[in-house]
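Just so you know, these numbers come straight off a predicted model, no measurement behind them. Every chain is numbered from 1 and lettered A, B, ... according to where its sequence line falls, protein lines coming before strand lines. Below, each value reflects all heavy atoms present in this structure, side chains not excepted, and no hydrogens, waters or symmetry copies.
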Protein chains: 2
Amino acid sequence: MARPRKEQELDIPRRAVEETIRLLAQQGDFGVPLTAVAQAVGCTAPALYGHFRNKNALLRAARDEGFGRLYNEKFAVFEQMRGDPFGYLRDGSYAYARFALENPTLYRLMFSPPPKLGVSDDPWSSEAGRQVLSLLLTGLRSSQEHGYLPGADLQRYGFMFWSTIHGAVSLNIQNRLLDHAAKWDSTQSVIDALMEMIAATGPAKHPITS
Amino acid sequence: MARPRKEQELDIPRRAVEETIRLLAQQGDFGVPLTAVAQAVGCTAPALYGHFRNKNALLRAARDEGFGRLYNEKFAVFEQMRGDPFGYLRDGSYAYARFALENPTLYRLMFSPPPKLGVSDDPWSSEAGRQVLSLLLTGLRSSQEHGYLPGADLQRYGFMFWSTIHGAVSLNIQNRLLDHAAKWDSTQSVIDALMEMIAATGPAKHPITS
DNA sequence: CCAAGAACTGAATGACATTCAGTTTGAGGC
DNA sequence: GCCTCAAACTGAATGTCATTCAGTTCTTGG
């Protein structure tokens, strides 16, 4: 058996990424054997080398796919929330956190990749992350136009905003003493506190204390 | 050559941890070969198994040592800042950020360890992290006694505070497009913004805008 | 001085990633 | 329909570690 017949042809690149993400979640670790991916796809390990330079390239592809999925989820919320930038900031953050907590290993691959992935060597790899950030900045800019964060340096606040949520999500993912619900509550509490602070700067529609 | 003579006896456990941390920093990756650690220590790889159950145990020890060093640095600032809780929060955060940016790989090992380390299986492993957090909470409590954050839920704000700094540090460590100075500036900016927010809740000694 | 055990070492073993030569199939030219 | 070639794989190495184990050499208590 060598080259497969047309009927059995399978879209290895796409399926490999898909299965890698699935195995990443299943094993909770980046150390997924290429052999396991190949088996899940239905080919042998060397066959993957026809589509990816090496294992790192496959993980990079999975990472990019992760950014794509995260962007899509955030973008869906964005579309749904047109006209309510404050609501977008809140629900977009929830969506972000939910994605992270539901795909912890993929999230770790996206934001704490092992340096050997050579992520920074590839100009495309940070591009997806930048898109996610730009979505946040758009939300902040709109919020500012609606009276929130008057006079604030959005670049600066945007990074702080992202840092807070990324930090909360990371710490909660890492803390294995908490179950899923507890992680979510803890993360949501941080997001809510953040939103309260922003609300406090706004046109006084949202009261500071409940 | 088998058992070493007393003169050549070397404190393998301590030296192994030390060299592991050094190699971690040098290689910028958790994938430090045990052989390399052994060579740096001056013994063979199997000799390490007399002191650590396996490589993960060695990495856990390095991680604990990292928490110890971080705690020491924060504690030094704490002692130095007695009577100025707001100053402690600021300088303690700087110390935390400096530690993270100067030991990026060790920091990653401490806060984004590969799950296979089995970190959560060991009740001691989170203890050190908890001490660092309790130092922060003490700072917040003192700040509250001095008039800042009136009525705030410290547990909640403490976690948010930590999340923000951890997030900023993590994102900056990960961004390889920035050089060391730029990472530091970016992180400091986040800390300053955070401190401004806390100052704004205080006894009006610290003006909100510069 | 001796026995027992401590502390290592060198030589396997085993899991993977990665490479390579060889095989089979799809497609285009005739 | 047949032939040739490149594409797409496969099975069998190779190399890099982590980990184990049997065997060797010190140290120490008697």
Side-chain angles (χ1 to χ4, degrees), chain A residues 1-17 19-20 22-24 26-63 105 109 113-119 121, chain B residues 1-17 19-20 22-24 26-63 105 109 113-119 121:
Chain A
M1 187 184 355
R3 177 174 185 167
R5 304 204 179 155
K6 209 166 191 180
E7 319 123 33
Q8 347 172 318
E9 219 171 13
L10 20 85
D11 187 3
I12 288 188
R14 201 164 307 278
R15 297 220 38 215
V17 168
E19 294 297 336
T20 298
R22 197 177 56 74
L23 289 167
L24 234 34
Q26 184 186 310
Q27 308 215 355
D29 200 288
F30 302 159
V32 175
L34 262 199
T35 313
V37 175
Q39 190 184 333
V41 167
C43 63
T44 61
L48 295 173
Y49 284 80
H51 305 275
F52 302 93
R53 185 182 308 288
N54 52 31
K55 188 181 178 180
N56 285 342
L58 173 59
L59 285 176
R60 274 200 300 274
R63 182 170 178 267
T105 309
L109 180 64
K116 60 177 157 193
L117 277 204
V119 152
D121 306 346
Chain B
M1 186 181 2
R3 176 172 187 169
R5 306 208 176 150
K6 208 164 190 181
E7 318 122 35
Q8 348 171 317
E9 219 171 14
L10 19 85
D11 187 2
I12 288 186
R14 199 166 308 280
R15 294 218 42 215
V17 168
E19 294 297 333
T20 299
R22 197 176 57 75
L23 289 168
L24 235 33
Q26 185 187 309
Q27 308 215 356
D29 200 287
F30 302 160
V32 175
L34 261 198
T35 312
V37 175
Q39 192 183 334
V41 167
C43 64
T44 62
L48 295 173
Y49 285 80
H51 306 275
F52 301 94
R53 186 182 309 285
N54 54 30
K55 188 181 180 180
N56 285 343
L58 173 58
L59 285 177
R60 274 201 298 274
R63 181 169 179 268
T105 309
L109 180 63
K116 59 177 158 193
L117 277 203
V119 152
D121 305 345

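Distance, A/Gln39 CD to C/dC16 C1': 14 Å, rounded to whole Å. Atom C1' of nucleotide C/dA17 and atom CZ of A/Phe30 are separated by 18 Å, given to the nearest angstrom. Rounded to whole Å, atom P of D/dG11 lies 16 Å from atom CG of A/Leu34. Rounded to a whole Å, the CG atom of A/Leu59 is 10 Å from the P atom of C/dA17.
Between A/Thr44 and D/dT10 there is a side-chain N or O to OP1 or OP2 distance below 4.0 Å.
In this structure, the side chains of B/Lys55 and B/Pro33 stay at 4.5 Å or more apart for every pair of heavy atoms. Residues A/Asp29 and A/Thr105 fail the side-chain proximity criterion, which asks for heavy atoms closer than 4.5 Å. Residues A/Phe52 and A/Val17 are in side-chain contact: their nearest non-hydrogen atoms beyond the backbone lie under 4.5 Å apart. Counting heavy atoms from C-beta outward, B/Tyr49 and B/Leu34 have side chains that approach closer than 4.5 Å.
For the contact set between residues 46-58 of chain B and DNA chain D, defined by any heavy atom under 4.0 Å, the members are B/Pro46, B/Tyr49, B/Asn54, B/Lys55.
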- [ ] Decide yes or no on side-chain contact (heavy atoms from CB on, under 4.5 Å) for A/Val32 and A/Val37, but give the supporting numbers first.
- [x] CA-CA 8 Å; A/Val32 175; A/Val37 175; 3.8 Å; yes
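Between the side chain of B/Asn56 and the main chain of B/Lys116, a donor-acceptor pair closer than 3.5 Å is present.
As judged by a 4.0 angstrom heavy-atom cut-off over every strand, A/Val32 is placed among residues touching the sugar-phosphate backbone only.
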